[in-house]
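Notes to accompany the following structure.
These values consider heavy atoms only, across backbone and side chains, with no hydrogens, waters or symmetry-generated copies.
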Amino acid sequence: MNDTDTKGVLLVKTIDGLIEASCKKFPENVAIRHKKGGQWQETSYRQLWLTVNQVTAGLQARGMIPGDRIALLGANSPSWIGSYLGILHSGGIVVPVDKDLKSAEMRHVLNDCGTRLLICESSALEIVADIAGDLSELKGIVLFDDNTVRRHPPLQEKWSLFAAQWRHLARQYSIPDKEMQSLENLGLEIKKMVSTASGWQRVGRTGPISDPVLPQGCELGLFSDLLIEKTPAQVRRQPEGTAVILYTSGTTGRSKGAMLSHRNIVSNIENAIPQMGADQTMHTLSFLPINHVFEQVAGTLAPLSLGGTVSIAESLKKIAQNLVEVQPTYFMGVPAVYRLLLNRIMKNITEKPLARTLFGNPLTRPLIAAKVRKKLGGSPIFISGGAALDPEIALGMEKLGFTMYQGYGITETSPIISMECANVKKLGSVGRPIPGVEVRIEAPNKDGVGEILVRGDNVMQGYYGRPQATAEAIKEGWYYTGDLGRLDEEGLLYICGRLKNLIVTPNGKNVYPEEVENELLKSPLVAEVMVYGHRIDAVAEEVHAQIYADHVALDAYAAENGIAPLDQSAVEALLRKEVLRAGQRLADYKRIKRFILRDSEFPKTTTRKIKRFVVEADINATG
């Protein structure tokens, strides 16, 4: 992970340093692509690093110092990526925030880490303004929205020209930074007065944006104002320094801030890339929320570290269209997305008699599979992470001729722990641990299943402001994941489920809810399911489930059988048959004893994982 310069001095890489090297080596290559006005726009590595320097200079001009926590809240965009790298380049700590958080959750995240500056989209301004009074450390909000523009009255335009001319003269005559800074500070004060006096306005997606009422000392600005065309002051950063504070997605309770250092993330990127088989041609289609560590590291930083390209998808609904347009070499997704993709593909095949017949015959199946791959823009390498992948989904994708690798990782391990690759692949496994990462199974049972422990440079520094939680999670360098798994004789890792979710039946048998859920999800009538243990005495539980039905599939079934509309009892009867059918593929003790139907979807994280603690709290409250 280290290099030496011509004088033999050890150079240690930081995240921004890793990407800076790509920007210098491949200045004219396309770093990022995104769609605007129906057209793909390209950002070169040269342009990307220019933005990084401008953000860095802007943060320094605002008085931000190394170690300040700066939050990013917004959709995947070139500006988000440039800001992320600019914060790191200034010595700051990035706090990526889920843009779908409610006010209470957002208040907790921003307050917990002591956010000094928030860069966000204008759509979040109302909720941010509502909680800003509770954020004692917050000194500023920057509207981070490509669709936010400024109307420049004549006086404002003249001021902009004056400022540009001043910067040109300062560079031409090498005016010292100290003298420049004092004049620029005065200029900023005059600019505020000019803006107020001349009726300066912000215009967003839906029209003019009114300035919200913010606490005294908390200023509101625009992203374009943050960008300063000036060489930023160099900041010495250490690999052990905290780079990012990532708040866990909260499937089991209130989120904690995992502190990841530059070394954590850089080591993970450099150790994972060989296992991925990636090189300079790596091109990803980015659609998972970039605040999530999997997308941030594997989908964005990894390709940028190689001189590759990140294309940002328009939306989940347009993934298929964007795959054809972009033709990426890699696609990072989560199991829920791959299940949805495979179900849609197979539905299209089975609805056409000829296609169904040809696909059912192993000799003619490649004809249909080739057409499917062509419709999806070729054959990218699909990588699944974020949760355990049902082996049936992996098998289904492979039957279509797609290459699919399953990986395993979590926020606290930066994130990749293990991963399949071309030479090491076995259905149901998540591959071998990547180089530099050790895995141990704690207290394995007779089947070799126990808690997965991880050690390596990728293990987080700890939870921000929570020494006790850190001590409970990391012992003698080993991180206790809370996941259950086993290692086979070839050193391949298998994930069985979450330790907290484990169900112990009256006869002492262990049931992993995820296994039962995967069987139920094979039914076209089941959209979502959560299997859980219902306690029947002090030590034993029964296997119960909550099911959210696929109402489109139910309507189609009713229409085909001439029984529309279906009443509640008919729906329950249909789902009972599906539960019994799934049970036939499971051992007796794993079968669901009782289930209830939900009226609405389950609450989920940004990576589509069910927030079990919310559902279980409701179950306990209703008895």
Side-chain angles (χ1 to χ4, degrees), residues 19 22-23 26-55 72-86 99 119-124 142-152 202-209 222-227 229 280-291 295-296 299-304 306-333 337 341 373-380 382:
I19 309 307
S22 289
C23 293
F26 310 105
E28 305 311 322
N29 284 17
V30 177
I32 307 167
R33 302 173 77 232
H34 73 291
K35 244 189 179 178
K36 191 173 183 180
Q39 300 294 319
W40 286 98
Q41 308 292 318
E42 297 182 344
T43 300
S44 70
Y45 276 91
R46 186 191 303 279
Q47 292 169 316
L48 172 61
W49 199 249
L50 175 64
T51 300
V52 172
N53 275 327
Q54 289 175 335
V55 169
L72 291 179
L73 192 161
N76 304 16
S77 70
S79 298
W80 197 103
I81 296 169
S83 296
Y84 176 95
L85 294 169
K99 63 184 180 64
I119 305 176
C120 67
E121 294 181 338
S122 60
S123 56
V142 173
L143 289 186
F144 170 55
D145 191 333
D146 291 338
N147 293 298
T148 300
V149 297
R150 293 175 296 175
R151 290 179 182 156
H152 288 286
R202 297 177 182 86
V203 183
R205 291 188 181 95
T206 57
I209 301 169
L222 284 171
F223 184 66
S224 54
D225 287 331
L226 180 65
L227 304 177
E229 293 181 18
Q280 188 192 329
T281 63
M282 186 178 189
H283 185 173
T284 60
L285 180 63
S286 171
F287 86 95
L288 292 174
I290 200 166
N291 63 281
E295 179 60 40
Q296 209 175 111
T300 303
L301 293 176
L304 292 179
L306 293 168
T309 302
V310 178
S311 288
I312 298 171
E314 293 178 88
S315 65
L316 184 60
K317 289 181 179 179
K318 292 192 176 181
I319 282 178
Q321 176 188 326
N322 292 161
L323 276 169
V324 175
E325 295 171 338
V326 169
Q327 298 191 11
T329 57
Y330 287 83
F331 181 85
M332 314 291 168
V337 170
L341 179 63
R373 294 196 302 276
K374 186 177 180 181
K375 281 188 175 181
L376 283 179
S379 299
F382 289 103

Original post:
With distance as the sole test, does Thr329 use its side chain to make a donor-acceptor pair with the main-chain N or O of His283 at under 3.5 Å?
Top reply: yes
**OP:** Report yes or no: does Gln296 contribute a side-chain atom to a donor-acceptor pair with the main-chain N or O of Ile290 at less than 3.5 Å?
**Re:** yes
Original post:
Taking only residues two or more places apart in sequence, or in another chain, which ones meet Tyr330 in a ring pair (Phe, Tyr, Trp, His ring centres under 6.0 Å)?
Top reply: none
Subject >> Which residues share a ring pair (Phe, Tyr, Trp, His ring centres under 6.0 Å) with Phe331, sequence neighbours left out >> reply: Phe287, Phe382
Original post:
Rounded to the nearest 0.5 Å, how far does CG of Leu85 lie from SG of Cys23?
Top reply: 7.5 Å
**OP:** Using side chain to side chain contact (heavy atoms under 4.5 Å, CB included) as the criterion, point out the one residue from Leu222, Ile119, Asp225 that pairs with Val142.
**Re:** Ile119
Can you name the side-chain contact (heavy atoms from CB on, under 4.5 Å) partners of [X], sequence neighbours left out?
| X | value |
| --- | --- |
| Arg373 | Ala369, Ala370, Ser379, Phe402 |
| Asn29 | Phe26, Tyr45, Gln280 |
| Gln321 | Lys35, Glu314, Lys318, Glu325 |

Taking all non-hydrogen atoms of both residues into account, name the closest pair between [X] and [Y] and its distance.
| X | Y | result |
| --- | --- | --- |
| Val55 | Gly86 | CG1-CA, 3.9 Å |
| Ser122 | Leu143 | CA-CD2, 3.9 Å |
| Ser315 | Asn322 | N-OD1, 4.3 Å |
| Val337 | Leu316 | CG2-CD1, 4.3 Å |

**OP:** Go through His34 and Ser311 one step at a time and tell me if the side-chain hydrogen bond (donor to acceptor under 3.5 Å, both in side chains) criterion holds.
**Re:** CA-CA 6 Å; His34 73 291; Ser311 288; over 6 Å; no
**OP:** Just jot down the side-chain hydrogen bond (donor to acceptor under 3.5 Å, both in side chains) partners of Gln39, sequence neighbours excluded, or say none.
**Re:** none
